[in-house]
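Residue indices begin at 1 and follow the sequence shown.
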Amino acid sequence: MVGPRSRLSFLVYRRDFLNLESRDSIKSAVVKTLLGGYACRGFDPGDLLERLGEPRSLLEDAEAQFPIEKVRELVVTVARELEDEALAFLQQPIRLGGLAMSVHATINCETLREAMRRWNLFWRLAHDFEFCVVTTSGEEAKVSGQFPAEDGLDRSMFIVWTVLFVLRWGGWLIGKPLVPNRVHLPFAPPVDLSDYDAIFPCRHYFSQRDTAAFFDKRFIDMPVVQSPRSVPEFLKNIPDLLTTERSDESLTGQIKRMLQSTDGSVDALPLKAVAETLHADPRTIRRRLKREGSSYAEIKEGVRRDLAIYHLRRLETPVAEIAELVGFSDASAFNRAFRKWTGQTPGEYRSQALEGSDAVTIPMDRR
């Protein structure tokens with residue numbers, strides 16, 4: 001399966017995006033965006049900051065930082081004063097307690113797929129668009145949604161918050177981290193991308209047609225393991241979504257990061273080498289991965305898929321060269337594998353991606 005090394009450099013993740021150091025502040029631009037709906041409703045964001053013990057000038061200073069420990073208070077205060085848990089970013093407000101009721105409405109579902117469909121149905125009762133549409137193609141599941149955009153209000157942070165909520169809530173329901181393969185965002189990339197590196201432990205594409213998160217299809221039919229008794233504890237942490245960095249400490253996540261940082265083909269790192277690095281024998285690694293619903297071969301395929309998608313979306317690299325780059329000796333084998341992964345051929349995927357977006361992504365090989 002593995003061909004000769006490509007003349008192209010192998011794009012790797014040089015930084016561990018799943019284990020970032022803890023931050024103690026966020027940028028003032030994030031705070032300003034979060035307060036956009038608040039300001040549109042006629043409230044004074046500067047006055048709110050002063051009540052929280054911060055200078056109102058913070059919103060106009062691009063270099064200013066806002067303490068992370070005050071983000072929860074800011075979000076809760078805005079929601080209470082507006083009587084809207086959506087912080088005035090939707091055409092219809094989410095009344096206080098609405099988010100809690102949406103979680104309770106799904107807690108008795110059998111599977112994550114059923115829970116996401118019911119959650120989407122719940123919100124369709126109040127809004128004329130969909131938050132959580134579940135589709136599957138190939139070996140991936142996609143959860144997508146759309147948000148109003150005609151009024152010019154910057155909803156970028158609210159959209160990010162919603163994606164984070166769906167991923168954290170979904171992972172909580174099934175008792176496993178629901179770490180996405182990639183995320184699509186419908187707004188232009190910001191000047192400073194570092195906050196997005198901390199928020200999403202995967203490639204994230206901007207200027208997309210809709211908002212979407214992609215993850216392995218095996219998660220979608222996993223059983224819901226939570227009960228009504230565990231809902232209050234989950235809800236207590238919702239205001240902290242933007243400031244709690246995503247971490248996947250599963251063995252699957254650890255091995256995926258190891259493969260992503262390989263200076264060469266994914267096949268250059270055999271299971272034996274992984275086991276030695278983790279101070280375990282290969283049989284133990286296989287057994288632990290099986291308990292997580294994964295396998296070493298599946299992880300390697302996922303890394304190949306993500307790298308192939310990156311090149312198909314972002315670069316002008318010919319398909320034959322991408323095939324070689326991700327470890328296939330010929331284009332036909334790559335075509336078959338890619339169709340299995342995504343339900344499309346590489347050519348079809350590239351054409352659809354170029355039609356649906358500006359194909360902008362964060363390069364993950366910053367050094």
Side-chain angles (χ1 to χ4, degrees), residues 33 36-37 79 84-138 140-174 178-188 199-200 202 204-217 219-222 224 234-235 238 241-242 342-344 352-353 355-357:
T33 303
D84 182 3
E85 292 178 339
L87 310 185
F89 285 112
L90 299 180
Q91 294 167 337
Q92 298 295 326
I94 297 178
R95 300 300 182 191
L96 300 182
L99 197 55
M101 288 305 299
S102 74
V103 176
H104 280 289
T106 63
I107 198 63
N108 292 317
C109 291
E110 293 291 329
T111 66
L112 180 58
R113 184 196 300 265
E114 182 186 347
M116 286 185 165
R117 286 176 174 170
R118 186 177 296 182
W119 197 75
N120 188 54
L121 179 61
F122 180 94
W123 291 116
R124 282 295 304 274
L125 297 175
H127 303 278
D128 59 359
F129 58 93
E130 297 185 293
F131 286 98
C132 193
V133 180
V134 180
T135 56
T136 59
S137 181
E140 284 192 315
K142 172 186 176 183
V143 178
S144 60
Q146 295 182 332
F147 296 84
E150 64 277 1
D151 56 9
L153 184 61
D154 183 354
R155 290 178 168 81
S156 57
M157 280 298 105
F158 177 73
I159 291 171
V160 167
W161 185 93
T162 303
V163 174
L164 284 174
F165 175 84
V166 170
L167 292 171
R168 305 286 177 89
W169 163 71
W172 169 77
L173 280 177
I174 62 176
L178 192 61
V179 180
N181 297 329
R182 61 192 178 281
V183 169
H184 289 183
L185 299 168
F187 47 86
I199 291 170
F200 294 117
C202 63
H204 26 298
Y205 297 85
F206 294 94
S207 303
Q208 302 301 297
R209 181 175 297 169
D210 60 2
T211 303
F214 299 78
F215 51 90
D216 291 348
K217 189 170 65 175
F219 289 108
I220 204 68
D221 290 315
M222 286 187 176
V224 171
F234 172 75
L235 294 173
I238 287 178
L241 283 178
L242 285 174
T342 67
Q344 297 175 294
Q352 186 180 72
E355 289 174 2
S357 72

Visitor: Is Q146 reaching over with its side chain to a backbone N or O of E130, donor-acceptor style, under 3.5 angstrom?
Guide: no
Visitor: What's the separation between atom CD1 in I174 and atom CD1 in I220, rounded to the nearest 0.5 Å?
Guide: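 The CD1 atom of I174 sits 8.5 Å away from the CD1 atom of I220.
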Visitor: Would you sort out whether D210 and K142 count as a side-chain contact (heavy atoms from CB on, under 4.5 Å), showing the intermediate values?
Guide: CA-CA 11 Å; D210 60 2; K142 172 186 176 183; 3.7 Å; yes
Visitor: Quick check: does any side chain N or O of R113 sit under 3.5 Å from a backbone N or O of V134, one acting as donor and the other as acceptor?
Guide: no
Visitor: Can you find a heavy atom in the side chain of F187 that is under 4.5 Å from one in the side chain of D154?
Guide: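 Not touching, per the 4.5 Å side-chain cut-off.
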Visitor: Taking the inter-plane angle between the rings of W169 and F165 on a 0 to 90° scale, is it parallel (under 30°), tilted (30 to 60°) or perpendicular (over 60°)?
Guide: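 W169 vs F165 ring planes: parallel.
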Visitor: So which heavy atom on A100 is nearest to which on L235, and how close?
Guide: CB-CD1, 3.4 Å
Visitor: Check this for me: E114, atom CD, are more than 12 non-hydrogen atoms of other residues, nucleotides or ligands nearer than 6.0 Å?
Guide: yes
Visitor: For L96 and A79, work out which heavy atoms get closest and say how close.
Guide: CD2-O, 3.6 Å
Visitor: Tell me whether D84 contacts the main-chain N or O of I94 through its side chain, where contact means a donor paired with an acceptor under 3.5 Å.
Guide: yes
Visitor: Using modelled atom types and a 3.5 Å cut-off, is there a donor and acceptor pairing between side-chain atoms of R182 and backbone atoms of Y205?
Guide: no
Visitor: Applying side-chain contact (heavy atoms from CB on, under 4.5 Å) to W123 and C132, what does each step give before you reach the verdict?
Guide: CA-CA 9 Å; W123 291 116; C132 193; over 6 Å; no
Visitor: Working to the nearest 0.5 Å, report the span between CD of E85 and CG of L87.
Guide: 9.0 Å
Visitor: About how many Å separate CZ of F147 and CG of L153, when rounded to the nearest 0.5 Å?
Guide: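 Here the rounded value is 12.5 Å.
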Visitor: About how many Å separate CG of L112 and CG of D221, when rounded to the nearest 0.5 Å?
Guide: 8.5 Å
Visitor: Taking the side chain as every heavy atom from C-beta outward, state whether V103 and W172 have any atom pair closer than 4.5 Å.
Guide: yes
Visitor: Which is it for I238 and W161 under the side-chain contact (heavy atoms from CB on, under 4.5 Å) test, yes or no, and what are the steps along the way?
Guide: CA-CA 9 Å; I238 287 178; W161 185 93; 3.1 Å; yes
Visitor: Mind listing the closest non-hydrogen atom pair of Q91 and P148 along with its distance?
Guide: NE2-CB, 3.8 Å
Visitor: Tell me the closest heavy-atom pair linking W119 and V166, and the distance in Å.
Guide: CZ3-CG2, 3.9 Å
Visitor: Nearest 0.5 Å please: distance from the OG1 atom of T106 over to the CZ atom of R117.
Guide: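 These two atoms lie 14.5 Å from each other.
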Visitor: Locate the shortest heavy-atom distance separating G343 from S137; write the atom from each residue and the value.
Guide: CA-OG, 3.6 Å
Visitor: Keeping T136 on the side-chain end and A141 on the backbone end, is there a donor-acceptor pair under 3.5 Å?
Guide: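 No, because the side chain of T136 does not come within donor-acceptor range (under 3.5 Å) of the backbone of A141.
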Visitor: Quick one: pull up CG in L167 and CZ in F219 and give me the separation to the nearest 0.5 Å.
Guide: 11.0 Å
Visitor: Is there a side-chain contact between I107 and F234 (heavy atoms, below 4.5 Å)?
Guide: no
Visitor: Write down the atom of I159, the atom of P186, and the distance for their closest heavy-atom approach.
Guide: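 That would be CD1-CG, 3.8 Å.
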Visitor: Can T342 and F214 be said to form a side-chain contact (heavy atoms from CB on, under 4.5 Å), step by step?
Guide: CA-CA 11 Å; T342 67; F214 299 78; over 6 Å; no
Visitor: Check whether any side-chain N or O of R155 sits under 3.5 Å from a backbone N or O of F89 as a donor-acceptor pair, and report yes or no.
Guide: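 Yes, R155 side chain to F89 backbone: donor-acceptor pair under 3.5 Å.
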